Structure formats: structure tokens, C-alpha cells
**Student:** 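Right, I'll just put the structure down here and ask away after.
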Amino acid sequence: MMPDNRVRHAERIERVLAHIEAADEGELSLDRLASIACLSPFHFHRVFRLMTGETLAETVRRVRLARSLPDLANPDETVTRAAAGAGYGSSQSYARAFKAATGGSASELRAGRSELMARLLRPAPEQSAQSPMAVEIVSTDPLRLLAIRNIGAYSELNETYERLFERVFTHHPMEALAGIYGIWHEDPRFTEATALHFDCAIAVGDLAPPDGIEVLALAGGRHARLRHVGSYQTLHDSIDRLYAAILTREADEIGDQPLFVHYVDDPESRPEAEWRSDIFLPLAPG
């Protein structure tokens, strides 16, 4: 029997954790870590967080701080020395990072609060009480989309979609609209707003793109599909549950293409609680 996907991914994430613990800061690029995990950079962050209970940035910070523990255990060493050993340029930045990671201070750890040390060495995993959702494995046709890439905060997306509609349907009839789509490249819950890339996209068949509009080609093939019903603000909770469901399957591997969503309903046509969005997670060829 093939090993459970979660076991395979746990082994990959263990390799990443070992690399983080041994590597210098310059060796911790997203592409490098995703390569070690044998995952596409599109999916690495989400899988890493689901498997470890913390974001990649939190893990890197925790490991850096853990390197200061020998200095903190030595009463002859100063906190400033410990901060330098962890790679922090000042004791103030070290103190802020220590507080964020443990809830306490380096001085409190020295005074005997051993649970602070435990939080640096072994973080508490996230617990989920969410009920299971129906995940389907479907085969999709290739999609040709017209798109504008939004770089920045997701609060700008409505304006970007409006700009997309205006540019396209100034030249083409609205009746050509066959679907509204979005393609994520990062998780907005754990990425700085200025670093977010999101493709606002529509399907209009083979119509030519006006100036300033890109053509996106999404590959067809096997996808895991989950229907989210409700506010777009909670879409990423459903996305997490879709990833988690695939990690428990024996036969399915996450593919190399980015995740995308098909917004089934026009938000102006029904109440927010009834908005339907189909989330598609690409799978590797079977």
C-alpha cells in the first residue's frame, strides 16, 4: 500500500526543518525550501503551515531564537550577546521577536520559566474543529482567461475587477462573459500586502485582449474541487480544508500550477451568505 500523503509530506517538511536549523539566512529562499520539499512554491507555504502549525516566517524566527538558548543558559553571557548569536542586530529587536514567539522575555526564561524554552523548541500545533467538507476529484478543460494582475492589498481587488470589466467590455459584448475567476499566488493572511500577487480574470472565449489585458492559459487536467458558500473573507479557511483533505489521500499529489477559484455567483444577485465559489487545487497527473 502506498504511504499516506500526510506521511510523505511530513517527511518532506522534516527535511525542510532540518535545512532551516542548519542553514544561514541567505539559504532560506522560498524557491530553495520548496525545492527541498518537492513542492511548487505556489503551494509550499500552505502545506508547510498545515503540517507544522506555524508559518514559515514563524519557524525561521523560532529557530533563530532557539540558537540563542545556550547563551541564555550561561549566566556569564549577556542578553545582548544572545541576541547577536541569534542574528539580531539589537537587543530590542531580539526582545520583540522573543516576546512574539514565546509570550515572555529572555530574562524570564533565565529566571526559570522553562515553558518559554519549550515553545522555542516545539511549538503547539494548531487545532481545527472544522467539520469535513465534500471534496471532489474532477477533470477540467484548459481555460483561456483575460486578466489583470493586482499587486498589493486584496482590498484593491474590487477596483481591479472593475477596471478589467471596463476595458474588456468596452470592446466586446457583455454576453461573451462565461465566468469570473481569481488566481492566488500567496496567502494574504501571512504575506505582506505589498507582496501579494492576484490575477483578476474572466472567461470570454477566444475574444482578443484589449490593451493592458493579459491572456492567461490555465492547464486542464485533474483537480480537487471544493465548493465554498458564503463570504469571500472566509475563502481561505475553505482552501486550508481542501489542502488538508488532499494530504490524507493516498493516490493524489498536489500539482505544480497555482490554485484558482471560480466565482459562481454575481455578488449583486444574492445575499453574501449564499455566494458560491468553486476552489480548484491542481493535482499531479495520475
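None of the values given here were measured: they were computed from a predicted structure. Note that the numbering runs from 1 along the sequence shown for the chain.
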**Student:** If you define the side chain from C-beta out and look only at heavy atoms, does anything of L177 sit under 4.5 Å from F165?
**Tutor:**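 Of all side-chain heavy-atom pairs linking F165 with L177, at least one is under 4.5 Å.
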
**Student:** Taking it one step at a time, do H197 and N150 satisfy side chain to side chain contact (heavy atoms under 4.5 Å, CB included)?
**Tutor:** CA-CA 6 Å; H197 299 74; N150 187 88; over 6 Å; no

**Student:** Would you please test R276 and R227 for side chain to side chain contact (heavy atoms under 4.5 Å, CB included) and show each step?
**Tutor:** CA-CA 7 Å; R276 295 171 297 170; R227 171 155 291 183; 3.7 Å; yes

**Student:** Output, in order, the C-alpha distance, side-chain angles, deciding distance and verdict of ring pair (Phe, Tyr, Trp, His ring centres under 6.0 Å) for F198 and H185.
**Tutor:** CA-CA 6 Å; F198 182 93; H185 296 271; 8.2 Å; no

**Student:** If only side-chain N and O atoms count, and only distance matters, is there a donor-acceptor pair under 3.5 Å linking T234 with S231?
**Tutor:**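 Their side chains do not contain a donor-acceptor pair, so the 3.5 Å distance test is not met.
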
**Student:** Would you check if the side chain of E108 reaches a backbone N or O of S105 as a donor-acceptor pair within less than 3.5 Å?
**Tutor:**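 Present.
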
**Student:** Linking I/L/V/M/F/W/Y whenever their side-chain heavy atoms sit closer than 4.5 Å, directly or via other members, would V264 and Y161 fall into one cluster?
**Tutor:**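 No, it is not one cluster - the side chains of V264 and Y161 are not joined through contacts under 4.5 Å.
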
**Student:** L196, F44: one ILVMFWY side-chain cluster at the under-4.5 Å cut-off?
**Tutor:**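 Yes, one cluster joins them.
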
**Student:** Is E214 paired with R149 through a side-chain N to carboxylate O contact shorter than 4.0 Å?
**Tutor:**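 Salt bridge absent between R149 and E214.
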
**Student:** Between the side chain of E159 and the main-chain N/O of E156, is any donor-acceptor distance below 3.5 Å?
**Tutor:**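 Flag not set: sc E159 to bb E156 has no pair under 3.5 Å.
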
**Student:** Salt-bridged, D252 to R222, with N to O below 4.0 Å?
**Tutor:**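 The answer is yes: the pair qualifies as a salt bridge.
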
**Student:** In terms of side-chain heavy atoms, does S68 have a donor or acceptor partner in Y94 at a distance below 3.5 Å?
**Tutor:**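 Yes, a side-chain donor-acceptor pair sits under 3.5 Å.
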
**Student:** What is the minimum heavy-atom distance between S269 and D266, and which atoms define it?
**Tutor:**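 Nearest heavy atoms, S269 then D266: OG-O, 2.6 Å.
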
**Student:** Do L259 and L218 belong to the same hydrophobic cluster, where Ile, Leu, Val, Met, Phe, Trp and Tyr are linked whenever their side-chain heavy atoms lie under 4.5 Å apart, directly or via other members?
**Tutor:**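 No, no single cluster joins them.
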
**Student:** Verify the cluster assignment for L50 and I279: are they in a single hydrophobic cluster under the rule of side-chain heavy atoms below 4.5 Å apart?
**Tutor:**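 Yes, L50 and I279 fall within the same hydrophobic cluster.
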
**Student:** Which pairs, with at least one residue in residues 68-87 and sequence neighbours excluded, count as a ring pair (Phe, Tyr, Trp, His ring centres under 6.0 Å)?
**Tutor:**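 Passing the test, one end in residues 68-87: no pairs.
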
**Student:** Which residues satisfy the salt bridge (charged side-chain N to carboxylate O under 4.0 Å, His left out) test with D187, sequence neighbours excluded?
**Tutor:**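 Applying salt bridge (charged side-chain N to carboxylate O under 4.0 Å, His left out) to D187 gives R46, R189.
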
**Student:** Can you label the angle between the Y181 ring and the F260 ring as parallel, tilted or perpendicular, going by 30° and 60°?
**Tutor:**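 The rings of Y181 and F260 sit tilted, inter-plane angle from 30° to 60°.
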
**Student:** Is I239 close to V261 at the side-chain level, that is, under 4.5 Å between some pair of heavy atoms?
**Tutor:**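 Sidechains of I239 and V261: no contact.
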
**Student:** Of H43, H45, H236, which is the lone residue that meets ring pair (Phe, Tyr, Trp, His ring centres under 6.0 Å) with W184?
**Tutor:**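 Between W184 and the candidates, ring pair (Phe, Tyr, Trp, His ring centres under 6.0 Å) is satisfied uniquely by H236.
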
**Student:** Say whether L143 and F42 are linked into one hydrophobic cluster, either directly or through other cluster members, by side-chain heavy-atom distances under 4.5 angstrom.
**Tutor:**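 No, because L143 and F42 fall into different hydrophobic clusters, even though each may have its own neighbours under 4.5 Å.
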
**Student:** Looking at every heavy atom in both S91 and A83, which two are closest together, and how far apart are they?
**Tutor:**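 Answer, listing the atom of S91 first, then A83: CA-CB, 4.2 Å.
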
**Student:** Parallel under 30°, tilted from 30 to 60°, perpendicular over 60°: which one fits the rings of Y232 and W275?
**Tutor:**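 The rings of Y232 and W275 sit tilted, inter-plane angle from 30° to 60°.
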
**Student:** So L235 and S277, do their side chains get closer than 4.5 Å, heavy atoms only?
**Tutor:**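 The answer is yes; the side chains approach within 4.5 Å.
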
**Student:** Tell me, do H172 and V204 make a side-chain contact under 4.5 Å, heavy atoms counted?
**Tutor:**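 Heavy-atom side-chain distance check fails, nothing below 4.5 Å.
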
**Student:** List, by chain and then residue number, the residues other than I151 in its hydrophobic cluster (Ile/Leu/Val/Met/Phe/Trp/Tyr, side-chain heavy atoms under 4.5 Å); write none if there are no others.
**Tutor:**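 Noted: I151 shares its cluster with no other residue.
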
**Student:** Check the pair E253, R12 against salt bridge (charged side-chain N to carboxylate O under 4.0 Å, His left out), reporting the backbone distance first and the verdict last.
**Tutor:** CA-CA 13 Å; E253 286 277 358; R12 296 174 181 180; 3.4 Å; yes

